[in-house]
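In what follows, a structure is listed as structure tokens, so that the remarks can point back to it.
Owing to the predicted nature of the structure, the values given are computational and were not obtained by experimental measurement. FYI, the numbering just counts along the sequence from 1.
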Amino acid sequence: MSKQILILFLFLNSKLLFGQFNFKLSVGLNLTNYELRMISPTFKKDFKQYYKYRVLYNGGVEIEYEPKPNLSIVTGLNLDYRGSKNYAYPPPFRDYVLAEYTFVEIPILFKYKFLPTKFYIGSGFNLNKRVGSNSITYEEYNHPYGFDFKSLIGFKLFNRTFIQTAYTFGNIDKWLFGKYDYHMFHVFSINIQYTFFKF
């Protein structure tokens, strides 16, 4: 009898554990720019006014673990496109280059849910690797790995669908460790997330 009780106890605990995993598809848009740390401060000052934001896109799969109903830990695998329209010469010439950066990201995020699951806030880091671009300068070329700080807010639309807004401060590792000639990414994003599998 004790053996059957032990088996039942292990089964119930395993069901409880596996019931706390959600798999989500996430797609969205980025409003993104970069700040180029140039060699000459004078050159940077002259050109800074011409930097523009661009609309790019992102997407991926997220895995959410819920140890408690109002708390979750998120990881996954995302593709994120960041970039800017950058004027090579000031007006009236208006010649420009497009610099787009593609990143593979592994997020490590913590979310706290309210009401009880209608609304959440969260923050954490993205571990990232730049996989390609059409414009890489100086120390960016030799440092493709890094991490970003990310904060987010989400709202429930339907039973399995959330809308999420987020801000990402990119290349924070290069800023913290005093690297030169790198890009600081400021990315504002909005995503639709759909939970396609729970267990």
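Rounding to the nearest 0.5 Å places CD of Glu62 at 5.0 Å from OG of Ser26. How far CG of Leu115 is from CG of Asn70: 11.0 Å, rounded to the nearest 0.5 Å.
Between Tyr112 and Phe114, the ring centre distance stays below 6.0 Å.
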### CA sep, side-chain torsions, deciding dist, call: Leu176, Phe147, side chain to side chain contact (heavy atoms under 4.5 Å, CB included)
CA-CA 11 Å; Leu176 289 174; Phe147 65 89; 4.2 Å; yes

### Task
Check the pair Leu79, Asn58 against side chain to side chain contact (heavy atoms under 4.5 Å, CB included), reporting the backbone distance first and the verdict last.
CA-CA 6 Å; Leu79 275 180; Asn58 69 79; over 6 Å; no

### Task
Could you walk me through whether Asn171 and Asp148 pass side-chain hydrogen bond (donor to acceptor under 3.5 Å, both in side chains), step by step?
CA-CA 6 Å; Asn171 263 354; Asp148 317 315; over 6 Å; no

### Audit row: Lys111, Val74, side chain to side chain contact (heavy atoms under 4.5 Å, CB included) steps and yes/no
CA-CA 8 Å; Lys111 298 196 304 191; Val74 177; 3.7 Å; yes

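Both Ile190 and Phe119 are members of a single hydrophobic cluster when ILVMFWY side chains are connected at heavy-atom separations under 4.5 Å. Put simply, Val55 and Phe188 are part of the same group of oily side chains (I, L, V, M, F, W, Y) that touch within less than 4.5 Å, one to the next. Taken together through direct or relayed side-chain contacts under 4.5 Å among Ile, Leu, Val, Met, Phe, Trp and Tyr, Tyr81 and Leu29 form part of one hydrophobic cluster. Put simply, Leu77 and Leu56 are part of the same group of oily side chains (I, L, V, M, F, W, Y) that touch within less than 4.5 Å, one to the next. The same ILVMFWY cluster, assembled from side-chain heavy atoms under 4.5 Å apart, contains both Phe21 and Val61.
For the pair Arg82 and Phe103, the cation-pi criterion (under 6.0 Å, within 45° of the ring axis) is fulfilled.
Residues satisfying the ring pair (Phe, Tyr, Trp, His ring centres under 6.0 Å) test with Tyr194, not counting sequence neighbours, are none. The side chain to side chain donor-acceptor pair (under 3.5 Å) test applied to Lys150 returns no partner, not counting sequence neighbours. Partners of Ser189 according to the side chain to side chain donor-acceptor pair (under 3.5 Å) rule, which considers only residues two or more places apart in sequence or in another chain, do not exist here. The ring pair (Phe, Tyr, Trp, His ring centres under 6.0 Å) check on Phe110 picks up nothing, with sequence neighbours excluded.
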Listing, residues 156-170 side-chain donor-acceptor contacts under 3.5 Å, not counting sequence neighbours, or none:
| unit_1 | atom_1 | unit_2 | atom_2 | d |
| --- | --- | --- | --- | --- |
| Arg160 | NH1 | Thr195 | O | 3.0 |
| Gln164 | OE1 | Tyr120 | OH | 2.6 |
| Tyr167 | OH | His186 | ND1 | 2.9 |

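With a 4.5 Å cut-off on side-chain heavy atoms, Ile63 and Asn22 do not count as touching. At a threshold of 4.5 Å between non-hydrogen side-chain atoms, the residues Asn78 and Val104 do not count as touching.
For the residue pair Glu105 and Asn126, the shortest heavy atom distance occurs at OE1-ND2, 3.6 Å. Considering every non-hydrogen atom in both Ser72 and Pro67, the closest pair reads CA-CD, 4.2 Å.
The environment of CZ in Phe196 is crowded: more than 12 heavy-atom neighbours from other residues, nucleotides or ligands sit within 6.0 Å. Counted within 6.0 Å of CG on Leu25, heavy atoms from surrounding residues, nucleotides or ligands total more than 12; the atom is thus considered enclosed.
Sequence neighbours left out, the pairs with a member in residues 113-125 that pass salt bridge (Lys or Arg N to Asp or Glu O under 4.0 Å) are Glu64-Lys113, Glu66-Lys113.
The closest donor-acceptor contact from the side chain of Thr75 to the backbone of Pro107 lies under 3.5 Å.
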